[in-house]
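A short worksheet on the structure shown next.
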Amino acid sequence: MYQVYPRSFADGNGDGDGDLPGLRAHLPYLADLGVDGLWISPWFPSPLADGGYDVSDFCDIHPMFGTLADADAVLSEAHALGLRVIIDLVPNHTSDQHPWFLAALAAGPGSPERQRYFFRDGRGRDGAEPPNNWISAFGGSAWSRVTEPDGRPGQWYLHLFAPEQPDLDWSHPPVLDAFDDVLRFWFDRGVDGLRIDAAPAMAKKLGLPDADYGGVPEFRTVDWDDNPHWDVEEVHDIFRRWRAIADTYDGDRAFVAEAVVSTPERLAKYLRPDEMHTAFNFPYLKSPWDARALREVIDATLASFEPIGVPSTWVLTSHDEIRPVTRYGRATTSSFFITDGEGEESDLALGTRRARAAALLMLALPGGAYIYQGEELGLPNVDDLPDDVLQDPMFHRSGGALRGRDGCRVPIPWSGTSPPFGFSPPGVHPWLPQPESWAPLTVEAESSDPESTLSLYRAALRLRRSVDGLAGAPLGWRESPEGVLDFERANALRCVVNLGAPPVDLGGSDVLLSSLPLVDGRLPVDGAAWIRPTGPDPATAG
Ligand code: GLC
């Protein structure tokens with residue numbers, strides 16, 4: 001699956017922002033790349049306080065991106081090219097400009113309009129303290145105080161993300177009913193599935209008790225076991241209801257959970273047969289560039305997904321994460337919501353070598369893989385965007401202490417030798433500036449270079465489809481030296497990754513693809529190779 005962040009993918013109308021006509025025009029590129037489908041980040045009307053994850057109408061298209069007719073054209077043309085389309089549903093919160101929230105503000109305390117959200121009186125003198133100690137993912141309290149229609153400071157409302165993203169109360173039946181219609185609206189139009197944003201946030205513990213953050217008030221949801229606003233049991237009732245709706249449709253309609261929870265067992269609950277079909281693999285995404293850590297997370301993933309009959313998924317990055325080329329060139333190679341390793345220098349040549357090897361590793365694993373736009377070009381993060389173009393609430397809410405996620409959202413370079421690199425027409429400034437240094441990283445430049453990262457992804461995706469017996473083949477580890485990952489997918493494919501050992505002798509094997517040139521038949525450090533296996537398969541040989 002290929003993740004499209006529409007504002008940064010391709011600008012069809014020449015205003016500096018990506019849009020659906022731009023996406024439509026580049027669908028053949030995606031078909032040619034060899035992916036099976038797209039996941040499109042939010043395309044709904046939105047004030048863009050959080051890059052579109054603040055939705056003001058769940059059943060329309062942002063005018064910046066186009067119209068519903070453009071969306072229909074994207075769906076039908078993608079389908080004609082054999083590509084499935086998953087869209088991003090953001091159900092935990094609305095925009096503060098959504099008519100429901102504006103009505104709630106206007107209607108005042110105690111009104112039915114306020115029941116769609118979490119409006120509560122404050123604590124302390126004059127209710128001047130937030131109703132509880134919950135924190136926002138973007139820093140600070142998860143509560144903001146409103147001015148009531150009579151002009152006085154009034155109630156507080158909950159926002160686990162930015163203040164412009166008030167949380168909906170999913171225990172309130174009209175909210176559930178309204179979203180049933182949203183699901184049907186998009187399924188009726190032909191979308192093949194929904195990615196469910198911030199899924200574990202949707203249920204809150206009754207009474208909204210204070211959270212125990214274990215002394216570390218940071219939004220590290222992987223560390224939370226019994227938290228009143230994350231991964232609360234009742235969340236599963238919502239997904240059961242949604243699955244029942246999806247199952248009434250013909251063909252496959254899939255849910256993908258964005259669920260960053262503490263253990264594989266808890267994640268598996270989201271994937272029960274009457275809930276979601278699949279989930280992003282955040283432990284894999286977060287893993288450092290380290291053979292032991294990667295092997296552990298691969299084994300843990302397979303162990304938790306296989307018994308429940310759900311395909312594993314693999315992902316290296318997204319619109320929320322540091323781009324792998326930058327990340328793997330730093331001392332800190334793990335990633336969490338872009339913050340790990342922030343500010344560290346990156347050796348981009350090293351990072352590129354590792355990111356290419358990481359791609360071959362990911363694409364050799366059994367299950368589904370997610371590629372984020374620009375990953376296939378080996379784009380680095382843009383860490384030196386000027387402060388005045390930064391839009392991410394992480395940057396603003398942290399008072400500039402965190403740079404935020406704009407650096408991984410810089411528009412795609414398509415062609416030419418200088419910005420805007422065919423993203424927009426010449427002379428137009430894209431919404432985030434592209435670095436001049438991206439000239440060798442355009443789709444055009446990389447298409448004509450057999451050694452490019454784009455050529456590597458194309459070749460790998462082609463082999464993934466064409467190697468006999470690969471689909472569904474189990475993974476079996478082969479014995480390997482410290483620092484090397486070596487596994488076979490039944491008799492179909494062997495993958496060797498050298499993460500820090502001396503060059504690995506591949507013993508004259510039949511190498512189908514490698515991320516670096518072999519030296520005297522040896523795989524250099526930070527390289528990966530796909531090999532046609534010979535002899536018995538360790539997965540089945542016992
Ligand atoms: C998810 C999205 C992220 C967004 C957040 C709040 O984590 O991937 O971009 O900021 O939810 O909607």
Side-chain angles (χ1 to χ4, degrees), residues 1 3-9 39-56 58 62 86-98 101 117 134-140 142 158-168 170 179 182 194-202 218-222 224 229-231 235 255-261 267 270 276 279-283 285-286 313 315-323 335-340 370 372-373 381 390-398 402-410 432:
M1 296 295 292
Q3 183 191 353
V4 171
Y5 190 75
R7 195 177 181 189
S8 301
F9 189 66
W39 147 34
I40 305 176
S41 277
W43 59 8
F44 315 100
S46 161
L48 303 178
D50 180 23
Y53 286 86
D54 49 319
V55 177
S56 52
F58 291 96
H62 197 303
I86 285 180
I87 63 166
D88 210 320
L89 188 67
V90 191
N92 177 63
H93 39 264
T94 69
S95 159
D96 65 346
Q97 300 305 309
H98 192 289
F101 193 70
Y117 297 90
W134 295 1
I135 56 173
S136 147
F138 298 140
L158 177 70
H159 52 84
L160 289 181
F161 293 88
E164 295 87 350
Q165 295 167 296
D167 281 45
L168 286 166
W170 278 91
F179 271 85
V182 173
L194 297 165
R195 177 246 190 205
I196 307 303
D197 184 73
M202 292 171 68
E218 277 180 23
F219 213 88
R220 292 228 158 212
T221 58
V222 275
W224 295 347
H229 60 73
W230 201 263
D231 200 16
V235 82
F255 290 110
V256 185
E258 189 212 22
V260 188
V261 294
L267 182 61
Y270 290 75
M276 305 220 212
F280 292 98
N281 188 344
F282 283 95
L285 186 154
K286 286 169 60 242
T313 63
V315 59
L316 296 174
T317 189
S318 75
H319 66 296
D320 292 328
E321 307 288 344
I322 188 86
R323 284 197 176 275
S335 179
F336 188 86
F337 221 56
I338 220 161
T339 50
D340 284 352
Y370 286 81
Y372 171 53
Q373 65 181 37
N381 235 57
L390 297 181
Q391 308 209 359
D392 188 355
M394 280 181 92
F395 173 72
H396 297 287
R397 297 268 296 170
S398 69
L402 298 171
R403 298 293 294 169
R405 298 162 292 173
D406 294 298
C408 66
R409 299 175 179 179
V410 171
L432 289 174

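One-based numbering, in listed order, for ligands and for the atoms of each. Being a predicted model, the structure only gives us computed values, none of them experimental.
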key: Residue contacts for ligand 1, heavy atom to ligand atom, distance under 4.0 Å   =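 Residue list for ligand 1: Asp50, Tyr53, His93, Phe138, Phe161, Gln165, Arg195, Asp197, Glu258, His319, Asp320, Phe337, Arg405, Arg409.
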Residue pair Val410 / Ser8, side-chain heavy-atom distance below 4.5 Å =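 No, side chains not in contact.
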query = Going by heavy atoms in the side chains, are Asp197 and Tyr53 under 4.5 Å from each other?
reply =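 Contact flag for Asp197/Tyr53 side chains = yes.
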ask   = Which one of Thr317, Ile322, Asp320 satisfies the side chain to side chain contact (heavy atoms under 4.5 Å, CB included) criterion with Ser335?
value = Ile322
Pair Asp54, Ser46: side-chain N/O donor-acceptor within cut-off below 3.5 Å = yes
key: Euclidean distance, Leu316 CG relative to Tyr372 OH, rounded to 0.5 Å   = 13.5 Å
message = So if I apply the ring-ring contact (aromatic ring centres under 6.0 Å, His included) rule between Phe219 and each of Phe138, Phe337, Trp230, which one comes out positive?
response = Trp230
